[in-house]
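Sequence lines set the chain letters: A, B, ... in the order given, protein chains first and strands last, and positions in each chain run from 1.
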Amino acid sequence: MFVGQIIALAVIAGICIISALLGAYALRRALPTAHDFYTAGGALGGVVLSFSVIASIVSYVTFFGNASLGFRTGLGAVSVMGVPGIPMALVWYAVHRKTFVLSKVRNWMSVGAVYDARYGPGMGALIAWLLFAATLPYLGAQIQATGVVMQALGLPYWSGTIFVLVFILFYTALGGFRGTTYVHVFQTIIFFSLAMVLFGVVLAKSGGLASVTEHLLQQRPQLFQIGAAGGKVWSYPMLLSYGLGTIAGFTCMPVAFMHTYACRSLSAFKTWTLSFGLATLILTVFMVLLGIIGRSLLPDLQGLEIEGLYPRLAYLLLPSWGAVVILAGTVAAGMATLDNVVFGNAMNLVNDWYRRLARPSERQLIWAGRLAMVCIVVVGGILVAVPKFPLAELNVLSFSATGMLFFSLTGGYFWKGATRVGAISSALVGMALVYFLSLVWPGQGPGPSPNLGGLTPFLVSFPICGLTFFCVSWITRRAEQPPGAAAFFDPSLADL
Amino acid sequence: MVHFWILLAVLWIGMGYLIWTRCGKNWWGVVFGILSVLALCPIFVPYGLVGRVLGGIPLWFWSWLGVHAVFAFLLLLYFRGYSTSDGQVEQVIADLRNNQGGE
């Protein structure tokens, strides 16, 4: 095991050091303006952004969470991350095409900038804090999973995690968005190829997909059903809820805005949206199948042990050095997602809140962003100091909460009648409901509950959130619109 | 389950309308609107058929994956030849900058 620990340390340290060097390389090229730091000057191409967005969203959850969910609940688990991929590309194109055009005109560099322009000053700060609250479970899930990987590699949980977090902060704070994008290209190549190797090995050593699944179909047919256990597992509401929640959530997450702002052309935008959809679909299907095969190879896993299915399979089927390399490689995926959540929230809090409070210089804006990144990582670490929830569930909670901004965002873009009070009400009501129904309501968790009429917290909250938005906007329809709102409905945009 | 089907219908109409209008209110919008909901929820596979298996994998999953493959292919086609071009967007950006001075 001692040799394994040395190999693991070498691979992780190698990934960290190369990432830091790429961040430093980006700093050498970057212009010293806040716009360049937060959006890479809006000059990146489609291929680089495709790698970047894949790395940003494909995370430990894609590997560990999907494998665990596949193990526990079967094939329907593809609905959480894989199924929304292609429809999400279309929804992003429909919604964020306008973000792309207006960001070029107004030099936006945060999510709240959209809200400030559409609904008036101060709205952006509220959205920045709400997004921070909504993405905290997602951030916590990545930190928690880093610890799980460290343990699986025989390294200490917290010191290993802190080592990785320090490097993430280093390259993200150093190179800004351009730096993280370069790092993501490297990280995507590492984790994608290693995941494919493990999937291939598992298939080869388990006798092929068809033979394993046919065997499992006889032993545990519920793993392949929709509506198993009397309609409780992967029922239609569950499938729709997870798919729609992921789409609505990701449409409003900082990652979509960051990559849209950084595009140099609409072609680049189309390239990364479609590439992302295809990549997540492929990876998720493979990881869920891995989880299902794992059910036949390691049938006795229980509780939070199942979260470690991916590393356990690697150790079961590969020589120890090979397993260590594969696992250490997944750290690249976790790093990419972590840096993205940290960077996105820092970008929002600094540009939408701090800038309004303190009127800082360009240089101070960049340094405030760096400081914010450190604070965000500390808060995320505290949140998961004692792991309580499985990774996939933390993810779903985060997407569901972020999805509550969907109506205020799309309504603001496409409906002249949307008002500031309507947007605030829907965001607050929706997010409070999701958290309340997921964490406090009897039968808690993001899945369907008999106490909610068989629906999930998301499916209950989403229509209420939409209804609140439209009703309150209608009631307050006579309120004056801010001057910036007119640009959202400029006749030239109607031709797009 | 009645409330679920009502909810699904409302979401379908809402999402379909958003996509139809954003794709230029043409047939692309209709096709993508339908595909989006089918891709998100395999309601075209009744619970009763989920037991059918092909190559060790249930039929509902293959058909679901098929919807995604068709969706991806059509989206690629749409992006490459039928959606807003770079030139159009640059013109709009230039117009907006002239109209508002990029405020």
Side-chain angles (χ1 to χ4, degrees), chain A residues 75 78-79 82-87 89-91 93-95 97 100-102 104-107 209-214 217 221 224-227 231 236-237 239-240 243-244 247 265-267 270-271 273-274 277-278 281 285 410 414 453-455 459 462-463 466 484 487 490 492-493 495-496, chain B residues 1 3-5 7-8 10-11 14-15 18-19 21-24 32 35-43 45-47 50-51 53 55-58 60-61 64-65 67-69 71-72 75-76 78-80 83-97 99-103:
Chain A
L75 204 51
V78 290
S79 68
V83 165
I86 305 295
L90 181 66
V91 172
Y93 176 74
V95 175
R97 197 173 24 163
F100 172 74
V101 171
L102 290 174
K104 295 293 174 201
V105 179
R106 297 181 165 221
N107 289 332
L209 182 63
S211 76
V212 178
T213 50
E214 271 163 15
L217 258 169
F224 299 88
Q225 288 175 6
I226 45 176
Y236 294 143
L239 290 165
L240 182 72
L244 197 65
I247 288 183
S265 66
L266 192 67
S267 299
K270 290 174 191 168
T271 304
T273 51
L274 193 54
L278 284 169
L281 178 65
V285 167
T410 53
F414 305 118
L455 300 179
L459 271 189
F462 195 62
D490 192 281
S492 58
L493 284 167
D495 298 333
L496 286 182
Chain B
M1 282 295 279
H3 53 289
F4 168 72
W5 293 110
L7 192 60
L8 182 66
V10 172
L11 289 173
M15 193 164 180
L18 173 73
I19 286 166
T21 52
R22 293 300 99 207
C23 289
F32 285 143
L35 278 173
S36 296
V37 180
L38 290 183
L40 281 178
C41 185
I43 53 171
V45 185
Y47 281 162
V50 296
V53 175
I57 300 286
W60 70 263
F61 184 73
W64 202 4
L65 216 52
V67 168
H68 281 266
F71 201 156
L75 200 53
L76 181 67
Y78 177 67
F79 277 177
R80 287 188 67 87
S83 57
T84 312
S85 68
D86 283 356
Q88 278 173 292
V89 164
E90 277 160 23
Q91 186 58 51
V92 170
I93 292 170
D95 288 348
L96 281 171
R97 279 185 177 144
N99 291 345
Q100 299 162 45
E103 58 179 297

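The two residues B:A72 and A:L278 have their closest heavy-atom pair at CB-CD2, 3.9 Å. Across every non-hydrogen atom of B:D86 and A:S267, the tightest pair is OD2-OG, 2.7 Å. The two residues B:L75 and A:I86 have their closest heavy-atom pair at CD2-O, 3.9 Å. Annotation for B:S83 and A:K270: closest pair OG-NZ, 3.0 Å, computed over non-hydrogen atoms. In this structure, A:S492 and B:V92 approach most closely via the heavy-atom pair O-CG2, 3.6 Å.
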(Q) Set out, in order, the CA-CA distance, both residues' side-chain angles and the distance that settles side chain to side chain contact (heavy atoms under 4.5 Å, CB included) for A:K104 and B:E90, then state yes or no. (A) CA-CA 10 Å; A:K104 295 293 174 201; B:E90 277 160 23; over 6 Å; no
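If you measure heavy-atom distances from A:I247 to chain B, the contacts under 4.5 Å come from the side chain alone. In this structure, the portion of A:P463 lying under 4.5 Å from any heavy atom of chain B is its side chain and not its backbone. With a 4.5 Å cut-off on non-hydrogen atoms, A:T273 touches chain B through its side chain but not through its backbone. For chain A, the nearby part of B:I19 is the side chain; its heavy atoms alone come within less than 4.5 Å. Interface residue B:L65: only side-chain heavy atoms are found under 4.5 Å from chain A. No part of A:V212 comes within reach of chain B, as not one of its non-hydrogen atoms sits under 4.5 angstrom from that chain.
Taking CG from A:L75 and CH2 from B:W64, the interatomic distance works out to 8.0 Å, rounded to the nearest 0.5 Å.
Residues meeting the ring-ring contact (aromatic ring centres under 6.0 Å, His included) test with A:F100, sequence neighbours left out: none. Judged as a ring-ring contact (aromatic ring centres under 6.0 Å, His included), and not counting sequence neighbours, the contacts of B:F79 are A:Y93.
A donor-acceptor contact shorter than 3.5 Å links the side chain of A:R97 to the backbone of B:R22.
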